[in-house]
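Below is one structure, written out as structure tokens; comments come after it.
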Protein chains: 2
Amino acid sequence: MPEFLDLHSRTTKVLRGLAETAMRRHGLHQGQDHLLAALWERDGSTPGEIAAALHVTTPTVVKMATRMSAVGLLTRRRDEHDSRLVRLWLTDAGRALQGPVEAERRSLEEKVTADLTEDERRQLMIALTKVYKSGSDLL
Amino acid sequence: MPEFLDLHSRTTKVLRGLAETAMRRHGLHQGQDHLLAALWERDGSTPGEIAAALHVTTPTVVKMATRMSAVGLLTRRRDEHDSRLVRLWLTDAGRALQGPVEAERRSLEEKVTADLTEDERRQLMIALTKVYKSGSDLL
DNA sequence: GCCACATCGTTAGACGGCAAATGACTAGGA
DNA sequence: TCCTAGTCATTTGCCGTCTAACGATGTGGC
């Protein structure tokens with residue numbers, strides 16, 4: 001199995017595990033912090049908009065929204081001008097997580113890149129960006 | 001959201017998508033190629049051994065093995081000396097995929113790293129390895 | 001020789017993710 | 001005005017992944 005794909009895949013699993021336990025501390029499941037981040041950025045977004053922002057399909061957002069609304073992180077409301085649209089609105093509980101969750105995420109990033117020199121970190125971002133671009137074009 | 005974690009996460013989604021469509025060409029689902037690779041390396045491995053090799057939990061391997069045996073890629077057989085153990089054995093169909101799948105995977109790696117200079121590729125591997133190590137220690 | 005403990009695989013249930021099918025509503029053209 | 005085509009969200013069903021609970025088999029100490 002090719003070097004880079006293999007290493008990237010292993011790294012993904014590790015980061016996934018770390019993010020999972022970090023977010024569980026705030027009562028969230030993996031990925032729900034991203035959905036919240038979209039609403040912190042623009043409260044009242046539609047599932048489609050959020051899906052596009054998260055690079056995920058709409059059904060995924062719909063399912064997550066259902067669960068998150070069940071635990072009181074957000075509410076669903078139809079748009080008053082266009083009834084096809086649904087808008088997701090943060091509850092106080094959802095808003096309250098912004099500070100802690102963003103701090104948690106920054107902390108994780110720091111811990112995980114702690115062993116990199118400033119130069120290595122820069123090179124990593126450049127190279128990974130190229131891979132991301134190449135991959136996106138192929139998709 | 002932190003730079004690196006965000007970029008890595010987006011890259012993961014893209015690579016996942018590419019691997020998915022690449023493997024579907026051979027009738028496989030994402031990840032099943034890794035399980036097969038473990039058996040190509042050592043046919044007759046146990047679910048636990050494979051799980052360790054793939055950095056995945058045993059139940060995950062068990063489920064995948066059930067599906068893959070249903071489509072005739074491998075068979076289950078209990079170990080004759082220790083009945084607690086189950087060993088997974090490749091069928092001809094499973095063995096036949098080795099060449100094509102490995103080629104497919106190499107091809108994907110090349111396409112995705114095509115824009116990197118040799119130096120960038122080396123730096124990427126070094127930096128990502130450090131991240132992987134730091135992450136593993138935190139887990 | 002028997003029984004408690006360790007080691008495996010399996011099952012159950014939850015979640016994120018995807019594709020395809022469905023349903024509700026809007027908008028635009030004849 | 002009405003009907004068709006387009007746009008959304010949702011549902012359904014599958015896969016990979018995890019944790020926790022369960023069940024079966026070996027092993028070692030007494």
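Computed over heavy atoms, backbone and side chain alike; hydrogens, waters and symmetry mates excluded. Residue numbers begin at 1 in each chain, while the letters A, B, ... track the order of the sequences.
- Closest approach to the A:Thr57 side chain among C:dC15, D:dT17, C:dA19 is made by C:dA19 (side chain taken as heavy atoms from C-beta onward).
- No salt bridge links A:Asp115 with B:Lys133; every basic N to acidic carboxylate O contact stays at or beyond 4.0 Å.
- Shortest non-hydrogen contact noted between B:Gly72 and B:Thr91 is O-OG1, 2.7 Å.
- Between B:Met68 atom CE and D:dC14 atom P the separation is 18 Å, expressed in whole Å.
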Protein-nucleotides 1-5 of chain D N/O pairs under 3.5 Å:
none

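- For A:Thr60, a side-chain nitrogen or oxygen approaches OP1 or OP2 of C:dC18 to under 4.0 Å.
- The closest donor-acceptor contact from the side chain of A:Thr46 to the backbone of A:Val86 lies at 3.5 Å or more, if one exists at all.
- Within 4.0 Å (heavy atoms only), B:Val62 reaches at least one base atom of the nucleic acid.
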Using a cutoff of under 3.5 Å, can you pull out all pairs of nitrogen or oxygen atoms linking the protein to nucleotides 21-28 of chain C, with atom names and distances?
| residue | atom | partner | partner atom | Å |
| --- | --- | --- | --- | --- |
| C:dT26 | O4' | A:Arg84 | NE | 3.4 |

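- Between B:His55 and B:Tyr132, the ring planes are perpendicular. Angles over 60° get that label, and only those under 30° would be called parallel.
- Between A:Arg87 and A:Asp43 there is no salt bridge, since no side-chain nitrogen of the basic residue lies less than 4.0 Å from a carboxylate oxygen of the acidic one.
- Closest contact between the side chain of B:Arg76 and the listed nucleotides C:dT10, D:dT17, C:dC18 involves C:dT10.
- Within residues 43-51 of chain A, the residues approached by DNA chain D to less than 4.0 Å at the level of any non-hydrogen atom are A:Thr46, A:Pro47, A:Gly48, in residue-number order.
- Distance CE (A:Met64) to P (D:dT10): 14 Å, rounded to an integer number of Å.
- Between B:Lys13 and B:Thr66, the residue anchored closer to the 5' end of DNA chain C is B:Thr66, taking for each the nucleotide with the nearest heavy atom.
- Within the 3.5 Å criterion, the main-chain N or O of B:Val62 finds a donor-acceptor partner in the side chain of B:Thr66.
- Within the nucleic acid shown, B:Val56 comes within 4.0 Å of sugar-phosphate atoms alone, with no base atom in reach, counting heavy atoms only.
- Within 6.0 Å of CD in A:Glu20 there are more than 12 heavy atoms belonging to other residues, nucleotides or ligands.
- One can place CG of A:Leu36 at 11 Å from P of C:dG16, the figure rounded to the nearest angstrom.
- Separating the CZ atom of A:Arg24 from the C1' atom of C:dC15 is a distance of 11 Å, rounded to the nearest angstrom.
- Hydrophobic clustering (ILVMFWY, side-chain heavy atoms < 4.5 Å, transitive): A:Val61 and A:Trp40 are in one cluster.
- Legend: residues meeting side-chain hydrogen bond (donor to acceptor under 3.5 Å, both in side chains) with B:Thr11, ordered by chain and number and at least two apart, are absent.
- Regarding contacts with the backbone of C:dA14, every side-chain N or O of A:Arg67 stays at 4.0 angstrom or more from both OP1 and OP2.
- Taking atom CG of A:Leu28 as the reference point, atom P of C:dA14 lies 19 Å away to the nearest angstrom.
- Residues satisfying the side chain to side chain contact (heavy atoms under 4.5 Å, CB included) criterion with B:Glu120, sequence neighbours excluded, are A:Ile126, A:Lys130, B:Leu116, B:Thr117.
- A:Arg77 has its CZ atom 16 Å from the P atom of D:dA9, to the nearest Å.
- For the pair A:Gln30 CD and D:dT19 C1', the interatomic distance rounds to 15 Å; values are reported in whole Å.
- Looking only at atom types and distance, the side chain of A:Thr12 has no donor-acceptor partner in the side chain of A:Ser9 under 3.5 Å away.
- Contact annotation: B:Gln32 reaches the phosphate of D:dG16 (side-chain N/O to OP1 or OP2, under 4.0 Å).
- Residue B:Arg16 places no side-chain N or O under 4.0 Å from the OP1 or OP2 atom of C:dG16.
- Remark on DNA chain D: of its neighbouring residues A:Lys63 and A:Glu20, the 5'-side contact belongs to A:Lys63, judged by nearest-heavy-atom nucleotide.
- For B:Ser107, the side chain to side chain contact (heavy atoms under 4.5 Å, CB included) criterion is met by B:Lys111, not counting sequence neighbours.
- When rounded to the nearest whole Å, the span between CE of B:Met23 and P of D:dG16 equals 13 Å.
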